[in-house]
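These numbers come from a predicted model, not from an experiment. To find a chain, count down the sequence lines: A is the first, B the second, and so on, and within it residues start at 1.
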Amino acid sequence: MRLWLTLVGIGFRRWSTYRLAAFAGAFTNSVFGLIRAGVITATIAAAGGTLGGYDALTGVTYVWLGQALIGPVYFFAWTELAQRIRTGDVAVDLARPVDPMLAHLAADLGRAAFVFLPRGLPPLAVGAAVTGLALPGDPGAYVLGLLSVAFAVVVSFACRWLVNLTAFWLLDLRGPMTMYLLVTNILCGLAVPVQWFPGWLAAAAAVTPFPSMLQTPIDVLMGHSAGWDAVRLLAVQAAWAAGLLAAGRLIFTLGTRKLVIQGG
Amino acid sequence: MSSASMADHIIEAVALRRVFGAKTAVDGLTFSVPRGAAVGYIGANGAGKSTTIKMLTGILKPTSGSALTCGLDPLRHRRQLARRIGVVFGQRSQLWWDLPLRDSFVALGAIHRLGRDAVRDRTDELVDRLDLGEFVDTPVRQLSLGQRIRGEVAAALLHGPELLILDEPTIGLDVLSKERLRVFLIEQRSLHGTSLLLATHDMGDVRRLTERILVVDHGRLAFDGTLAQLVEQVGAERHVVLDLTDPAPPLDGIPGTRLVGHEAGGLRQRLSFAPGETTVAAILAAVAQRAVQVHDLTIEEPDIEAVVRRLYAG
């Protein structure tokens with residue numbers, strides 16, 4: 001246990017050296033939050049005051065929670081592993097008595113823990129001041145919500161890990177990574193809530209891990225899903241996390257088997 | 001292979017071979033390293049040194065042949081083996097780039113499941129012996145190459161491995177940093193009996209740190225023996241280049257040396273000598289007896305490529 005706590009701590013400390021970047025990111029998230037809040041308010045108004053279970057206030061709350069989670073859950077290009085594979089630095093990971101994927105996961109949880117407040121609070125504060133937020137009064141929603149955010153980080157990490165693993169077979173990661181970001185940003189519920197998707201798209205999203213990365217923690221934090229419904233969503237997240245990590249581990253092993261470490 | 005011979009050897013490679021596409025990087029290497037020994041593994045760029053090391057540490061799968069490191073099959077027991085060996089890949093870093101050097105020791109201590117006190121004591125020892133005190137709290141990305149390599153070696157030795165594998169550890173280091181690192185490694189080996197496999201380009205490293213040399217060329221073992229035997233076989237002499245204050249007649253006939261050349265009317269003279277037969281101090285004393293004043297001197301190590309070339313020519 002001390003091993004994993006230390007690795008989480010190291011990830012936390014690594015990111016804490018880039019405080020300015022965290023605040024710059026929070027500023028951007030807040031500005032985009034204002035734009036998105038304007039768009040969603042207008043959309044809900046045009047739909048007659050409610051749309052897919054959201055009214056004006058819950059609509060903007062969905063936007064601000066989403067903006068707050070972008071940083072911690074990480075919806076950006078992450079290529080650290082791919083670079084280590086390409087440069088051969090993955091040899092260093094393999095020369096350690098620890099599972100490389102779990103070590104990277106621990107570091108990513110540390111990263112998320114660090115950026116949680118500096119990137120999460122500013123958009124929520126701006127939202128509370130400008131549009132107001134509809135947050136539940138029940139402390140249980142926050143406990144389940146935090147757990148759901150943690151699962152979202154694990155699912156996000158596992159997806160990014162899998163995309164990075166293509167570096168074992170492909171020379172250039174830009175294609176898969178761009179495709180991944182495009183698909184994630186839509187299907188996770190960042191652009192519009194998953195509840196607004198047309199039937200076919202909602203069905204497609206439901207069989208992917210992407211809603212588990214954003215829509216689920218938002219639903220749980222807002223109290224949209226509470227009680228056993230929330231527990232069921234958390235179980236879905238946990239299943240995705242376990243399945244994706246198992247796949248990540250298997251493919252990593254296959255990749256190292258054909259590995260040609262270049263240079264040095 | 002009897003179990004006794006396995007226990008005696010820290011490394012056993014039998015017909016080890018690795019092919020990358022059309023290129024055979026390692027071609028049927030067979031050698032063993034007794035426990036506690038220090039072996040230099042030398043060869044030109046691309047000779048197969050790093051590939052061998054990766055197979056011995058379980059990072060690369062051999063195309064055929066087998067290896068046993070610390071008595072373990074490296075591929076099947078890679079993680080178990082990692083607890084018992086320390087590796088420095090000269091061109092790669094195992095340190096956490098954005099954090100102070102000390103944090104890397106904390107992380108590696110946890111990874112190797114050492115107790116907190118053990119990590120602290122061992123870190124203190126390494127900081128003291130490798131002179132890391134000045135920069136142990138500096139982020140790794142701000143360290144000079146020499147400082148970083150000392151940090152890398154400390155990181156590889158933190159868990160007290162039985163076998164230390166160094167892949168080009170002194171590449172790019174200045175003379176002083178090289179020397180400091182060598183003194184440290186000699187001391188650690190005498191204290192802990194650590195076995196050493198040192199892949200290098202640098203004959204100076206080999207001379208100071210190892211008692212046996214394996215020369216690899218095009219993935220094949222070209223030589224296995226002591227430095228003295230190598231010198232005898234191919235004449236891997238060192239050169240001492242003397243710059244004199246005044247032109248002097250050729251300095252031939254100095255015991256244990258051979259005059260290779262003289263330039264500028266005898267202002268610069270080049271003598272070759274075989275290590276073990278004489279010392280630089282003895283040569284200087286003999287030169288002084290001829291009433292010649294030495295203004296400056298440089299010592300040139302034989303170059304690995306030339307040694308390997310001569311191994312084949314001979």
Segment of B:Ile85 engaging chain A (4.5 angstrom heavy-atom cut-off): neither
Short side-chain to backbone donor-acceptor contact, B:Glu12 and B:Gly71, under 3.5 Å: no
Structural part of B:Ser104 lying under 4.5 Å from a heavy atom of chain A: neither
Per-residue contact mode, B:Leu114 against chain A (heavy atom under 4.5 angstrom): backbone
Residue pair A:Leu221 / A:Ser148, side-chain heavy-atom distance below 4.5 Å: no
Region of B:Arg83 in contact with chain A, defined by heavy-atom distances below 4.5 Å: both
Min side-chain heavy-atom separation A:Arg2-B:Arg116 under 4.5 Å: yes
Portion of B:Ile111 that has a non-hydrogen atom of chain A nearer than 4.5 angstrom: both
Within-4.5 Å side-chain heavy-atom neighbours: B:Asp27 and B:His218: no
Check: A:Trp169 and A:Ile251 side chains under 4.5 Å, non-hydrogen atoms: yes
Heavy-atom proximity to chain B below 4.5 Å, by part of A:Asp99: both
Parallel, tilted or perpendicular: ring planes of A:Phe252 versus A:Trp161, cut at 30 and 60 degrees: tilted
A:Leu7 portion near chain B, given a 4.5 angstrom heavy-atom threshold: side chain
